[in-house]
A.B. asks: 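Quick one: the structure is below, questions incoming.
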Amino acid sequence: MVLLKIKFPFQKRVRLAQGLWLLSWVAMFSGAITFAIGVFLKTELHRRSEVMHSMDIHIVPNLLMAVGLASVGINICAGKVCQDSLDTSRFPRWKTFLPPFFCFSVFITSLLLVAMILSFALQPSLEESLKIGLKNGIQFYKDTDTPGRCFQKEIIDRLQIEFQCCGNTNYRDWFEVQWISSRYLDFTSKEVKDRVRSNVDGRYLLDGVPFSCCNPASPRPCIQYSLLDNSAHYNYEYQTEELNLYNQGCRQALVSYYMGLMNTIGPCVLFDFLLQMTILVSLRYLQTAMEGVIGQENVEIETEGYILEKGVKETLLETKEKVKKLLQFAQVGDASATTPGTQPDEEKPATA
């Protein structure tokens, strides 16, 4: 049973070929835009790689770049097929090329849908990666003299200023680490000695945050130190007063930023997927309609186009059998290539 059969008169075939040629060029530019989106997302993720523990999320921009480039090539070929379909003498050369072309194109186009699904499915992985990465970044904030970590302070400061955030979850994360380098501590001072001795690990901890946590929109001059000591500042109560610091943690700020990008990219990728599938379905109709013209004297006859020559179930069974035969043929070929030919042993001369 033929699936989704449509009759195509000559004029209808011509209009289909011409419209599909134009649509394939639109899809080619859409593929280029998809590639550019992948590059942009890859760049944005790479900019924050210092505060990310794993790179699982990079599979999304990698897929978008690969599919975008492949989509450009697919649509160039589709445009050429549409041109040759207007000339019955040139179309037959595509007959053997189009079946594998359709399989490859459907697979590549499906990856667009996979990329869009992964962009949302990997949100927990992105959040966990940022949680560990930011924790390490805050811990190494003070190591400005350590090779490999010299720019960690600058990275964290710029991140907190740009995204208007403080700490990993909130500003209290800075209370748990020594973020001031020992190089800038006066160990002859009684206050420094007391703070170091009071900590089990011998770290200099204080209820303070770096300057980059300060919110410039606050009317009060920034309070960085003794944040939990009401008596240290005039007219100050940290329990009730909104501190003049950024309230949002950097992890949540970055997750919101990247998921905002995903939400913007998602509809673009979905549009590209629908456009590409429309082209492939239309090209399949054009191919099957043109195959009815091959060998005919009158090229203006009415032909039939369809998606599948048989039903879905029959096509799947037939494809399964073909794959089995190919695998059996490959196994037989490998066995004959690896097994040396056996020859009968020559008779040994009789010994007395």
A.B. asks: Set out, in order, the CA-CA distance, both residues' side-chain angles and the distance that settles side chain to side chain contact (heavy atoms under 4.5 Å, CB included) for Val114 and Val67, then state yes or no.
C.D. replies: CA-CA 11 Å; Val114 172; Val67 173; over 6 Å; no

A.B. asks: Checking Thr264 side chain against Gly260 main chain: does a donor-acceptor pair fall under 3.5 Å?
C.D. replies: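 Side chain of Thr264 to backbone of Gly260: a pair is present.
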
A.B. asks: May I have the step-by-step check of ring pair (Phe, Tyr, Trp, His ring centres under 6.0 Å) for Phe91 and Trp94, ending in yes or no?
C.D. replies: CA-CA 6 Å; Phe91 184 78; Trp94 295 99; 8.1 Å; no

A.B. asks: Check whether any side-chain N or O of Ser85 sits under 3.5 Å from a backbone N or O of Cys82 as a donor-acceptor pair, and report yes or no.
C.D. replies: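 Between the backbone of Cys82 and the side chain of Ser85 there is a qualifying donor-acceptor contact (under 3.5 Å).
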
A.B. asks: For the side chain of Asp143 and the backbone of Arg149, is there at least one donor-acceptor N/O pair under 3.5 Å apart?
C.D. replies: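 Not at all, since once roles are kept as given, no pair shorter than 3.5 Å links the two residues.
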
A.B. asks: Can you establish whether the number of heavy atoms outside Lys142 located under 6.0 Å from its atom NZ is more than 12?
C.D. replies: yes

A.B. asks: Ile279 and Ile74: same hydrophobic cluster, using ILVMFWY side-chain contacts below 4.5 Å?
C.D. replies: yes

A.B. asks: Using a 3.5 Å cut-off and no angle test, enumerate the donor-acceptor pairs between side-chain atoms of residues 123-133 and protein atoms at least two apart in sequence or in another chain.
C.D. replies:
residue : atom : partner : partner atom : Å
Ser129  : OG   : His53   : N            : 2.9
Ser129  : OG   : Ser54   : N            : 3.0
Ser129  : OG   : Ser54   : O            : 3.1

A.B. asks: Would the number of heavy atoms belonging to other residues, nucleotides or ligands and lying under 6.0 Å from CZ of Phe120 be above 12?
C.D. replies: yes

A.B. asks: Report yes or no: do Thr109 and Gln276 form a side-chain donor-acceptor pair below 3.5 Å?
C.D. replies: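 There is no such pair (donor and acceptor under 3.5 Å, judged by atom type) between the side chains of Thr109 and Gln276.
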
A.B. asks: Taking the side chain from Gln178 and the backbone from Leu205, do they hold a donor-acceptor pair closer than 3.5 Å?
C.D. replies: no

A.B. asks: Kindly give the heavy-atom pair with the smallest separation between Tyr204 and Val192, and that separation in Å.
C.D. replies: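 Result for this residue pair: CE1-CA, 3.9 Å.
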
A.B. asks: Would Leu228 and Arg172 count as a side chain to side chain contact (heavy atoms under 4.5 Å, CB included) here? Give the steps.
C.D. replies: CA-CA 10 Å; Leu228 304 183; Arg172 289 178 177 267; 3.8 Å; yes

A.B. asks: Could you check if a side-chain atom of Phe101 sits within less than 4.5 angstrom of a side-chain atom of Val81, using non-hydrogen atoms only?
C.D. replies: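 No, too far: nothing below the 4.5 Å cut-off.
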
A.B. asks: Keeping Ser30 on the side-chain end and Val26 on the backbone end, is there a donor-acceptor pair under 3.5 Å?
C.D. replies: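 Answer holds: no.
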
A.B. asks: For Lys95, which residues count as a side chain to side chain contact (heavy atoms under 4.5 Å, CB included) partner, sequence neighbours excluded?
C.D. replies: Glu291

A.B. asks: Can you check whether Leu245 reaches Leu227 side chain to side chain, under 4.5 Å on heavy atoms?
C.D. replies: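 Contact flag for Leu245/Leu227 side chains = yes.
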
A.B. asks: Kindly write out the residues that satisfy side chain to side chain donor-acceptor pair (under 3.5 Å) with His46, not counting sequence neighbours, or none if the list is empty.
C.D. replies: none

A.B. asks: Let me confirm one number: the CZ-OG distance from Arg203 to Ser198, rounded to the nearest 0.5 Å.
C.D. replies: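 So the CZ of Arg203 and the OG of Ser198 are separated by 11.0 Å.
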
A.B. asks: Is the number of heavy atoms from other residues, nucleotides or ligands under 6.0 Å of Phe151 CZ greater than 12?
C.D. replies: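 Atom CZ in Phe151 is not packed in, count stays at 12 or less.
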
A.B. asks: What distance separates Ile156 CD1 from Ile161 CD1, expressed to the nearest 0.5 Å?
C.D. replies: 11.5 Å

A.B. asks: Atom CG of Leu63 and atom CG of Leu113: how far apart are they, to the nearest 0.5 Å?
C.D. replies: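 Those atoms lie 11.5 Å apart.
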
A.B. asks: Are Val39 and Lys42 close enough that some pair of their side-chain heavy atoms sits under 4.5 Å apart?
C.D. replies: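 Not touching, per the 4.5 Å side-chain cut-off.
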
A.B. asks: Would the distance check show the side chain of Arg90 and the main-chain N or O of Asp84 forming a donor-acceptor pair, the cut-off being under 3.5 Å?
C.D. replies: no

A.B. asks: Look only at the side chain of Thr288 and the backbone of Arg284, and say whether a donor-acceptor pair between them is shorter than 3.5 Å.
C.D. replies: yes

A.B. asks: Has Trp179 got a side-chain atom pairing as donor or acceptor with Gly208's backbone, closer than 3.5 angstrom?
C.D. replies: yes

A.B. asks: Is there side-chain contact between Asp157 and Phe211, with heavy atoms separated by less than 4.5 Å?
C.D. replies: yes

A.B. asks: Does the pair Cys250/Cys165 show an SG-SG distance of less than 2.5 angstrom?
C.D. replies: yes

A.B. asks: What residues form a side chain to side chain contact (heavy atoms under 4.5 Å, CB included) with Lys193, not counting sequence neighbours?
C.D. replies: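 Residues passing side chain to side chain contact (heavy atoms under 4.5 Å, CB included) with Lys193: Arg197.
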
A.B. asks: Give, for atom CG of Leu275 and atom CG of Leu280, the distance between the pair rounded to the nearest 0.5 Å.
C.D. replies: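 Atom-to-atom, Leu275:CG and Leu280:CG are 9.5 Å apart.
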
A.B. asks: Dump the intermediate steps for side chain to side chain contact (heavy atoms under 4.5 Å, CB included) on Ile37 and Cys268, then the final yes or no.
C.D. replies: CA-CA 9 Å; Ile37 287 173; Cys268 298; 4.0 Å; yes

A.B. asks: By salt bridge (Lys or Arg N to Asp or Glu O under 4.0 Å), which residues pair with Arg47, not counting sequence neighbours?
C.D. replies: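 Scan of Arg47 (salt bridge (Lys or Arg N to Asp or Glu O under 4.0 Å), adjacent residues dropped) gives Glu44, Glu162.
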
A.B. asks: Do you know the tightest heavy-atom contact between Gly31 and Asp272?
C.D. replies: CA-OD2, 4.1 Å

A.B. asks: Tell me, please, which residues at least two apart from Thr169 pass side chain to side chain contact (heavy atoms under 4.5 Å, CB included).
C.D. replies: Asp173, Arg251

A.B. asks: Check Tyr141 against Pro210 and note the closest heavy-atom contact, atom names and distance.
C.D. replies: OH-CB, 3.4 Å

A.B. asks: Tell me the closest heavy-atom pair linking Asn75 and Ser71, and the distance in Å.
C.D. replies: ND2-O, 2.7 Å

A.B. asks: Between Gln18 and Arg15, do the side chains contain a donor N or O and an acceptor N or O under 3.5 Å apart?
C.D. replies: no

A.B. asks: For Thr303 and Ala289, indicate whether the former's side chain and the latter's backbone hold a donor-acceptor pair under 3.5 Å.
C.D. replies: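 The answer is yes, because a donor-acceptor pair under 3.5 Å joins these two groups.
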
A.B. asks: Compare all side-chain heavy atoms of Val14 with those of Leu86 and state whether any distance is below 4.5 angstrom.
C.D. replies: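 Touching, per the 4.5 Å side-chain cut-off.
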
A.B. asks: Answer yes or no: are there more than 12 heavy-atom neighbours, outside Phe102 itself, under 6.0 Å from its atom CZ?
C.D. replies: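 Yes.
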
A.B. asks: Cluster question for you: counting only ILVMFWY and a side-chain heavy-atom cut-off of under 4.5 Å, with indirect links fine, are Phe29 and Leu69 together?
C.D. replies: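 Hydrophobic grouping puts Phe29 apart from Leu69.
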
A.B. asks: Quick check: do Leu45 and Val60 have side-chain heavy atoms less than 4.5 Å from each other?
C.D. replies: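 Side chain of Leu45 against side chain of Val60, heavy atoms only: no contact under 4.5 Å found.
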
A.B. asks: Atom CG in Asn263, atom OG in Ser119: separation rounded to 0.5 Å?
C.D. replies: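 With rounding to 0.5 Å, CG (Asn263) is 8.0 Å from OG (Ser119).
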
A.B. asks: Are Ile76 and Leu112 connected into the same hydrophobic cluster when the rule is that any two of I, L, V, M, F, W, Y join if their side-chain heavy atoms are below 4.5 Å apart?
C.D. replies: no

A.B. asks: Check Gly167 against Trp174 and note the closest heavy-atom contact, atom names and distance.
C.D. replies: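 Of all heavy-atom pairs spanning Gly167 and Trp174, the closest is N-NE1, 3.4 Å.
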
A.B. asks: Can you see which heavy atom on Ala32 is nearest to which on Val72, and at what distance?
C.D. replies: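 It is N-CG2, 3.8 Å.
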
A.B. asks: With side chain to side chain contact (heavy atoms under 4.5 Å, CB included) as the test, would you mind laying out the steps for Asn215 and Asn247 before giving the verdict?
C.D. replies: CA-CA 9 Å; Asn215 185 356; Asn247 294 321; over 6 Å; no

A.B. asks: Side-chain heavy atoms nearer than 4.5 Å, only ILVMFWY residues, links allowed to pass through others: does that put Leu286 and Trp21 together?
C.D. replies: no

A.B. asks: Linking I/L/V/M/F/W/Y whenever any side-chain heavy atoms sit under 4.5 Å apart, do Met116 and Ile57 land together?
C.D. replies: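 Yes: a chain of side-chain contacts under 4.5 Å links Met116 to Ile57.
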
A.B. asks: In the structure I gave you, are the side-chain heavy atoms of Val209 and Phe175 within less than 4.5 Å of one another anywhere?
C.D. replies: yes

A.B. asks: Quick one: CG on Asn235 to CG on Asn230, what's the gap to the nearest 0.5 Å?
C.D. replies: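 Separation between the atoms: 10.5 Å.
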
A.B. asks: Are Arg48 and Phe163 close enough that some pair of their side-chain heavy atoms sits under 4.5 Å apart?
C.D. replies: yes

